[in-house]
Amino acid sequence: MYDLKSKSGKQWFYPEKVKEHFFNPKNLVKTKQESKKLDKEADGIGIEGSPACGDMMKMWIKIKNNRIKQCKWSTFGCASAIASTSMFSVMITEKNGKTIEQALKIKPQEISKRLGGLPAIKFHCSVLADKALRSAINDYYKKTNQINKIQENKIKIIDKILKITDKDIEEAVLEGVKTFEDLQKRTKIGIQDKTCIPEAKQLLRFYLEKHFTPLKKTKRL
Amino acid sequence: MSKTIYLDTSATTPVDLEVFNEMKKYFTIEYGNAGSMHSKGLKAAQVLNNSREKIAKILNCSSNEIIFTGSGTESINLAIQGLMLKLKNENSNKNQIISTTIEHHAVLDTLDYLKKLGFKITLVPVEPNGIINLKKIKKAITPQTALITVMYVNNEIGTIQPIKEIGKIAKKNNILFHTDACQAANSETLDVQKLNVDLLSLNASKIYGPKGVGCLYKKSSVKLQPITYGGGQEFGLRSGTENIPGIIGFTKALVNTQKNKKKYLKFTNLRNYLIKELLKIPNTILNGDLKKRVPNNVNITFLNIEGESILLMLDKYNICASSGSACTSKSLNPSHVILALGRPYEAAHGSIRFSLSKYTTKKELNKVIQVMPKIVSHLRSISPVELKIKDLKNKNV
């Protein structure tokens with residue numbers, strides 16, 4: 001359970017760029033005071049993930065003329081989550097800021113590429129930043145009375161053979177699935193595509209947490 | 001750069017220089033195969049037998065009850081699989097194994113495999129302090145129970161299980177008893193008569209010996225089926241050319257370690273010092289019993305932060321530890337041991353294990369005590385989660 005190193009036997013566990021962004025994250029909210037101030041000033045706020053999954057993200061954005069001018073964030077997450085969110089915040093605000101549409105199109109693979117490559121098992125860590133942005137933008141639309149523009153998060157295929165998505169897992173949870181065995185009985189997830197089992201298990205926990213045990217201190221906005 | 005502070009000896013220990021020096025000539029000078037019919041082979045066979053006798057003496061058993069293997073994991077597999085497959089071949093109706101929820105994956109995954117083959121597996125939960133309740137073991141016994149397997153010392157939280165007492169229960173019910181003793185040899189007795197065990201697994205890489213060698217104690221009356229086939233070495237139970245340098249190193253390391261058991265106890269004070277100081281950081285929990293744990297294990301949950309981030313920050317200060325966080329595992333699952341204590345996922349993600357070495361000094365621990373609050377407060381300040389210990393108590397996971 002304790003292996004952080006990649007099989008390539010490189011000196012550090014991640015590429016140099018990841019290390020740089022982990023130890024000196026960009027746009028990171030460093031104090032509770034700053035976070036409170038941003039709660040008042042931000043144009044949109046998004047929270048995604050849950051501490052039970054080991055990953056949770058809060059994001060504050062400022063928008064001007066449909067462009068993202070500022071993206072601040074805080075996280076309960078691993079090194080990959082910290083580094084990829086840091087890189088993501090740079091990518092969406094660089095060169096005068098991306099438009100909302102451009103920002104939402106950034107793929108986890110692009111973040112990983114700019115970081116010099118994340119291990120495949122860590123890809124989901126960068127997805128959280130993307131989801132938090134989506135939720136912050138939705139919040140912005142809500143606050144500015146553009147309800148028609150609100151979009152739900154993109155659907156992601158988890159089981160690559162049977163094409164089972166995260167939405168399918170969420171629905172199964174809402175219909176009463178509590179264990180991975182139940183989920184597998186219902187959806188056949190992971191029976192052929194065994195590589196998806198860890199991610200499917202994590203998503204199961206995530207949706208159980210999301211729908212059945214809301215946290216007192218960290219309410220969804 | 002400052003010297004590395006290595007607090008991960010439950011993962012592995014360095015090889016003691018004395019052990020290493022003794023091994024050397026068996027690579028390049030006395031390199032014979034113990035099965036060969038010439039002087040080089042004879043020398044190797046003698047060395048093998050001497051080592052077997054030395055280990056048998058420590059375990060208080062006869063030398064033909066020691067089977068050398070390639071690792072603790074292999075010993076465990078041979079013990080559990082070997083026994084159950086033998087029983088199946090004999091058409092025995094005994095097909096149940098009792099174990100615990102906090103075993104090492106070497107045991108849990110072997111049991112998983114046997115479950116698929118049709119054996120019945122019962123995992124007994126531990127108490128919140130990480131110690132097994134004897135009553136629960138008794139309750140799990142059925143007329144079909146063939147084997148009880150319980151780890152001597154837990155690798156993550158260092159708790160010491162009541163092996164002697166479980167052994168008594170097994171004996172009384174005519175059930176065989178295996179213990180995974182890989183984490184126990186530095187401080188606990190390995191006398192198989194006192195421990196009431198029929199099978200016991202050990203390895204060298206946790207006791208300042210080399211990696212890639214271990215042994216299984218198997219009481220002579222217990223019959224196993226081999227799980228590897230070939231040249232019939234190790235009484236036909238573990239085919240493959242004997243790893244003479246490894247066995248030499250293992251034997252030397254085990255002799256030294258068991259001789260110095262008492263000295264090792266002095267680490268209890270250092271361990272307690274580290275626990276006391278780290279628990280001064282708010283929202284921290286000690287995982288595992290404070291008293292019934294080995295002298296070198298500290299395992300603490302730092303709420304609201306993620307273990308991998310803590311490890312990488314510690315690594316920057318040249319401090320090596322390990323975590324039960326999901327992000328440090330291949331499976332993306334947090335530690336099953338911390339969860340088995342009844343703690344929620346949140347607590348498992350932020351758990352850190354410091355396992356002291358016999359060379360650890362108070363000065364080194366002071367460095368940890370100095371940097372840890374900084375790391376924790378930095379990671380907490382950037383974390384949107386603000387759980388308190390009392391929030392966890394209300395959570396039903």
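Proteins get letters first, then strands, A, B, ... in listed order; numbering begins at 1 in each.
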- Task: Give the C-alpha distance, both sets of side-chain angles, the deciding distance and a yes or no for side chain to side chain contact (heavy atoms under 4.5 Å, CB included) between Phe22(A) and Ser309(B).
- Result: CA-CA 9 Å; Phe22(A) 171 67; Ser309(B) 293; 3.7 Å; yes
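Here the closest non-hydrogen pair linking Arg205(A) and Pro334(B) is NH2-CD, 3.5 Å. When every heavy atom of Lys32(A) is checked against every heavy atom of Arg380(B), the shortest pair comes out as NZ-O, 3.2 Å. Between Ala79(A) and Glu308(B), the shortest heavy-atom distance links the atoms N-OE1, 2.7 Å. Of all heavy-atom pairs spanning Phe76(A) and His349(B), the tightest one is CZ-CB, 4.3 Å.
Within 6.0 Å of NZ in Lys160(A) there are more than 12 heavy atoms belonging to other residues, nucleotides or ligands. For Lys113(A), the NZ atom counts as loosely surrounded, since its 6.0 Å shell holds 12 or fewer non-hydrogen atoms of other residues, nucleotides or ligands. Heavy-atom neighbours of Lys26(A) NZ from other residues, nucleotides or ligands within 6.0 Å: above the threshold of 12.
Residue pairs meeting the salt bridge (Lys or Arg N to Asp or Glu O under 4.0 Å) criterion with at least one partner in residues 74-89 of chain A, sequence neighbours excluded, are absent.
Looking at Ser74(A), its side chain never comes within 3.5 Å of a backbone N or O of Ser381(B) through a donor-acceptor pair.
Here the CG-OG distance, from Leu312(B) to Ser80(A), works out to 8.5 Å after rounding to the nearest 0.5 Å. Of the inter-residue distances, the one linking Ile382(B) atom CD1 with Glu34(A) atom CD reads 12.0 Å to the nearest 0.5 angstrom.
In this structure, the side chain to side chain donor-acceptor pair (under 3.5 Å) partners of Lys143(A), at least two apart in sequence or on a different chain, are Asp139(A).
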